[in-house]
Colleague: 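Quick one: structure below, then a few questions.
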Amino acid sequence: MKVVNLVAAVKAEKCRGCKTCERVCPVLAIKVVDRKAVVDADRCRGCAACEQRCPDYAITMIKREQPVVVRVDVGAVDYVKIEELCRRAKLHPEQIICYCTATRAEEVAAAILQGARSPEDVSFQTGARTGCKVECIQPILRLLEAAGIEPSPPKGGWQWYGRTPTVWEIPEEVKKKYASRGFYFEEDIKLLDRVVAAPLQGRSDT
Amino acid sequence: MRPPIPPIPPRQSQYGIDPSLVKRRVSELPGMTSVLLKELFPDLPEVIYPGEQGVAAVRKATEEALQKVDMSMIKPEHSVNILASHHGFTLLGGEPYAEMLKTLKDVIQARTGCKNIRLRAGVGLRFRETEEYIKRYGLDKHFEGKAIGVAPIDEGIPIETEIGTLYGIKKIYDADWIVHAHNSDVREVHFHRQVDRAVKPFGMSYARIETRSTYHQNLGPRAANFTARAIFDSPFVQSKFAFASFLTVAPNGIMGVDADNDLYALNDRITILGCRYYGKMMTLFGEIDECIAALDFPCPVVYVFAAGVIYANFAGANTDLYDLDMPLPAYTWYTESFYGKRGRPLLQEIPPLNPAIKMCVHNYAWTGYPSAFFSEHIPTVVVGQEQAELFNRDPQNLTYMKHAVVAETTETAMEFAYKATGTRKVLIFDGAIGGINLSEPLAEFLLKKAPQVNERVENELLPKWLRQRGVDLSVLRKCAS
Ligand code: SF4
Ligand code: SF4
């Protein structure tokens, strides 16, 4: 869930049409048309990725007059299915997967169960990955994969490249090789397994 | 009691309020004093900076350290990327790190004849932060226009590793050789747990979002740092790695410069420094029974410094961050994510944020790091409406102010904190160099506790910490003798 209170605005005279903004936008809300960047204000989730990477400082973030609340209603989906999907992805349904927006795994799962097919869909619908834009791509990809979805990265974009290994997938020989160097693989697997299996605190989304 | 030490001044930055709005520093208020770190721990090392020679001492130490480094792989026709990270620029005003970077370029050029030497400076979550430092310290000029900041959402490249494909930032690796220019300051002990500290930027400031998310979401709190080792050990990175050069840092200043073609040898040396010197400061801070934490430094909330310890670590000082048998510190992103919908931890053993922090007075700290967890769990007073507004505009902190209150001035914020908490102990995170700014009752408390902490760390904790990290204790004995 995110209250989107900003929107990107392009100063056309400064824009040189390099497409950097288009390549980094997590919800595909900015596109270069006739060599100038154009923002789809309804899609923009106010993450400032474009503003922070534009090499020509052509973008500013402005305050929305009417903030937009972006959220997926967890209550609209059978919670048993949400739980199943999260646990298959080795996530606790209530664990936070996006620290900036405090989006929980259950909300991303609900988005996927209601039709989200890519990280871009998930970010657009839940607001996740529109804060720091960095830390939450893996749990989103894990949840999509657990739902049997194999999304492709946006063509020509730098939004994301692929899912990476989890601790459950570390090869045995690697674990053995580094056991004495302070990497606690087995212990962390046990810890994360316990988190995944922990009881739910509250079903209500309110 | 000593007068307070001048704090690090506010900095002009897009991530903080305008310096003119910082009207009062907490250390200027009545009842504030300072203690020198050497008074607390007399066996802290001698430092070259701060010192009489200023940053010239850093240049000299860098030149000397580089004498033992092999650069023969770098040919005049090659290209070299000197890799830097934002963190170095937050240490002691930033000049020492900038000077090491400049010296590295000068020495590489003089020794190898190579002229195509670039600076690539990675960031945390403030994508233009190193861009600001490059200008501030004249690095663009020194590197003849070849100095850029890079961010984790920039174009990436896949890197094949022992555990599968991870991703680096393309511009980090777009040279024949890379030189890893970092520092030994511990900073985020809650994340890296002083395991492979020297290697961490390969999984962080030099890495793409996929890799950083692996670290913080896929591997677990004590396996996380393996992402950095996996990338560094990859044939791709090994084929480019020339050497590393580190500012060696203690809580009281810059000890010197350590450079090596063998990053793991350097890592072992700095593991000892990190555990011994910072371990003592953190253990001492863990003894504090009650206090008001005052944030007053040009960095995001979690990164403000006191005696080399960041606020995020003080918030977890109720547990031993160096003890790897303890899985989850009170604050890491793993811990934060394991709070359920009722606002309670999902596992019973998850410790609360340091209950000794009765209130946080946020006099001056930056945006650009998700910090709402702190204001949600620690009563927080933010000074100035402008600062509050800046947080409300930060996509990473949209709920920070939902949990905090605003005071008009530093004075009223502190008065409120004194009244509401009943404590007169104040610890100021303002980057004071060589000491700590704090209130008199806390100064007395720390001076009394320090000798026993010193003994406990040396005799009991340090040997355990090093054993857990597979660091050869004979290296420690050699250092001691
Ligand atoms: S990144 Fe900036 S210059 Fe490039 S297309 Fe977008 S707005 Fe234009
Ligand atoms: S969602 Fe982010 S990157 Fe996309 S247009 Fe809006 S502010 Fe820019």
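Within every chain, numbering begins at 1; the chains are lettered A, B, ... in the order of the sequence lines, protein sequences first and strands thereafter.
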Colleague: So, for A/Arg181 and B/Asn267, which heavy atoms are closest and what is the spacing to 0.1 Å?
Modeller: NH2-ND2, 4.1 Å
Colleague: For residues B/Gln217 and A/Gln95, is any side-chain donor paired with an opposing acceptor at under 3.5 Å?
Modeller: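 Absent: no donor and acceptor within the cut-off.
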Colleague: Can you tell which part of B/Val150 gets under 4.5 Å to a heavy atom of chain A, answering side chain, backbone, both or neither?
Modeller: backbone
Colleague: Between A/Pro165 and B/Thr165, what is the shortest heavy-atom contact and its length?
Modeller: CD-O, 3.9 Å
Colleague: So which of A/Leu141, A/Ile97, A/Thr20, A/Ile189 has the largest heavy-atom pair count under 4.5 angstrom toward chain B?
Modeller: A/Ile97
Colleague: Using heavy-atom distances under 4.5 Å, tell me whether B/Tyr400 contacts chain A through its side chain, its backbone, both, or neither.
Modeller: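 When you check distances to chain A, no heavy atom of B/Tyr400 falls under 4.5 Å.
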Colleague: I'd like to verify something: which residue of B/Phe373, B/Tyr215, B/Phe338, B/Trp333 has the highest number of heavy-atom pairs under 4.5 Å with chain A?
Modeller: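 Among B/Phe373, B/Tyr215, B/Phe338, B/Trp333, the one with the most close pairs to chain A is B/Trp333.
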Colleague: How far apart are the closest heavy atoms of A/Phe183 and B/Asp196, and which atoms are they?
Modeller: CZ-OD2, 3.2 Å
Colleague: Non-hydrogen atoms of chain B under 4.5 Å away: do they reach the side chain of A/Thr130, the backbone, both or neither?
Modeller: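 For A/Thr130, the backbone is the part near chain B, not the side chain.
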Colleague: Can you tell me if B/Arg393 uses its side chain to pair, donor with acceptor, with the backbone of A/Met61 under 3.5 Å?
Modeller: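 Yes: the side chain of B/Arg393 pairs with the backbone of A/Met61.
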Colleague: Sort B/Gln14 into side chain, backbone, both or neither according to what part of it lies under 4.5 angstrom from a heavy atom of chain A.
Modeller: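 Interface part for B/Gln14: side chain.
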Colleague: Between B/Leu219, B/Leu166, B/Val195, B/Thr211, which residue shows the highest count of heavy-atom pairs closer than 4.5 Å to chain A?
Modeller: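 Ranked by heavy-atom pairs under 4.5 Å with chain A, first place is B/Leu219.
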Colleague: Would you tell me whether B/Asn218 and A/Arg142 have side-chain atoms, one donor and one acceptor, within less than 3.5 Å of each other?
Modeller: yes
Colleague: Quick one: which of A/Arg53, A/Arg23, A/Gln52 gives a side-chain contact (heavy atoms from CB on, under 4.5 Å) with B/Ile153?
Modeller: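 It is A/Arg53; the other options fail the test.
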Colleague: Does any heavy atom of chain A fall under 4.5 Å from the side chain of B/Tyr167, the backbone, both, or neither of them?
Modeller: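 For B/Tyr167, the side chain is the part near chain A, not the backbone.
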Colleague: State the CD-CZ distance between A/Glu186 and B/Arg222, to the nearest 0.5 angstrom.
Modeller: 11.5 Å
Colleague: Would you mind checking which part of B/Pro152 comes under 4.5 Å of any heavy atom in chain A, side chain (CB onward), backbone (N, CA, C, O), both or neither?
Modeller: side chain
Colleague: Which bit of B/Pro158 comes within less than 4.5 Å of chain A, counting heavy atoms only: side chain, backbone, both or neither?
Modeller: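 Nothing of B/Pro158, per the 4.5 Å heavy-atom cut-off to chain A.
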Colleague: Side chain, backbone, both or neither: which part of A/Arg129 has a non-hydrogen atom closer than 4.5 Å to chain B?
Modeller: side chain
Colleague: Looking at B/Glu155, B/Arg208, B/Gln468, which one has more heavy-atom pairs under 4.5 Å with chain A than the rest?
Modeller: B/Glu155
Colleague: Within the 4.5 Å heavy-atom criterion, are A/Gln201 and B/Leu346 side-chain neighbours or not?
Modeller: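 Contact flag for A/Gln201/B/Leu346 side chains = yes.
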Colleague: Considering only heavy atoms and a distance below 4.5 Å, find which of B/Glu349, B/Glu336, B/Gln194, B/Arg344 pairs most often with chain A.
Modeller: B/Arg344
Colleague: Between A/Lys133, A/Arg194, A/Arg104, who has the most heavy-atom pairs with chain B when the cutoff is under 4.5 Å?
Modeller: A/Arg104
Colleague: Checking an interface table here. Which of residues 146-157 of chain A come within a heavy-atom distance under 4.5 Å of chain B?
Modeller: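 Against chain B, none of the residues of residues 146-157 of chain A fall inside the cut-off of heavy atoms under 4.5 Å.
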Colleague: Counting only non-hydrogen atoms closer than 4.5 Å, does B/Asp394 touch chain A with its backbone (N, CA, C, O), its side chain (CB onward), both, or neither?
Modeller: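 No part of B/Asp394 comes within 4.5 Å of chain A.
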Colleague: Can you say whether B/Glu389 sits under 4.5 Å from chain A via the side chain, the backbone, both, or neither, judging by heavy atoms?
Modeller: side chain
Colleague: Tell me, for A/Lys2 versus chain B, whether the close heavy atoms (under 4.5 Å) come from the side chain, the backbone, both or neither.
Modeller: side chain
Colleague: So what's closer than 4.5 Å to chain B heavy atoms on A/Cys132: side chain, backbone, both or neither?
Modeller: both
Colleague: Top residue by heavy-atom pair count (under 4.5 Å) with chain A, among B/Pro395, B/Ser213, B/Ala224?
Modeller: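 Sorted descending by pairs with chain A, the first entry is B/Ser213.
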Colleague: Side chain, backbone, both or neither: which part of A/Gln159 has a heavy atom under 4.5 Å from chain B?
Modeller: backbone
Colleague: Quick check on A/Lys11: does its NZ atom have over 12 non-hydrogen neighbours (other residues, nucleotides or ligands) under 6.0 Å away?
Modeller: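 Yes.
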Colleague: Is B/Leu328 in contact with chain A via its backbone, its side chain, both, or neither, using a 4.5 Å heavy-atom distance?
Modeller: side chain
Colleague: Given 3.5 Å as the limit, does a donor-acceptor pair link the side chain of B/Glu210 with the main chain of A/Gln138, or not?
Modeller: no
Colleague: Is the NZ atom of A/Lys19 crowded by more than 12 outside heavy atoms at less than 6.0 Å?
Modeller: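 No - once you tally the heavy atoms of other residues, nucleotides and ligands closer than 6.0 Å, there are 12 at most.
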Colleague: Looking at B/Gly156, is its backbone amide N or carbonyl O close enough to the side chain of A/Tyr161 to form a donor-acceptor pair, meaning the two atoms are under 3.5 Å apart?
Modeller: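 Between the backbone of B/Gly156 and the side chain of A/Tyr161 there is a qualifying donor-acceptor contact (under 3.5 Å).
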Colleague: Just so I understand: if I count every heavy-atom pair under 4.5 Å between each of B/Arg212, B/Arg126, B/Glu162 and chain A, which residue has the most?
Modeller: B/Glu162
Colleague: Would you please test B/Ile169 and A/Trp158 for side chain to side chain contact (heavy atoms under 4.5 Å, CB included) and show each step?
Modeller: CA-CA 10 Å; B/Ile169 299 168; A/Trp158 307 332; over 6 Å; no
Colleague: Hey, could you give me the OH/CZ distance between A/Tyr57 and B/Arg128, rounded to the nearest 0.5 Å?
Modeller: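 Atom-to-atom, A/Tyr57:OH and B/Arg128:CZ are 4.5 Å apart.
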Colleague: Chain B heavy atoms under 4.5 Å from A/Ile137: which part of the residue, side chain, backbone, both or neither?
Modeller: both
Colleague: Between B/Leu398 and A/Asn5, is the side chain to side chain contact (heavy atoms under 4.5 Å, CB included) condition met? List the steps.
Modeller: CA-CA 9 Å; B/Leu398 292 173; A/Asn5 62 357; 3.7 Å; yes
Colleague: With respect to chain B, which residue among A/Tyr99, A/Trp160, A/Trp168, A/Tyr178 yields the maximal number of heavy-atom pairs within a distance under 4.5 Å?
Modeller: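 If we count pairs closer than 4.5 Å to chain B, A/Tyr99 comes out on top.
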Colleague: Could you report the tightest heavy-atom contact between A/Val167 and B/Ala223, atom names first, then the distance?
Modeller: CG2-CB, 4.2 Å
Colleague: Does B/Leu125 form a side chain to side chain contact (heavy atoms under 4.5 Å, CB included) with A/Glu135? I'd like the steps, not just the answer.
Modeller: CA-CA 9 Å; B/Leu125 299 176; A/Glu135 309 299 349; 3.6 Å; yes
Colleague: Which atoms of A/Lys63 come close to chain B, meaning under 4.5 Å heavy atom to heavy atom: side chain ones, backbone ones, both, or neither?
Modeller: both
Colleague: Classify the ring geometry between A/Phe185 and B/Phe226 as parallel (under 30°), tilted (30 to 60°) or perpendicular (over 60°).
Modeller: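 Geometry flag for B/Phe226 against A/Phe185: perpendicular rings.
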Colleague: Counting only heavy atoms closer than 4.5 Å, note whether A/Val134 contacts chain B via side chain, backbone, both or neither.
Modeller: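 Both backbone and side chain.
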Colleague: So for B/Ala151, is it side chain, backbone, both, or neither that comes closer than 4.5 Å to the heavy atoms of chain A?
Modeller: both
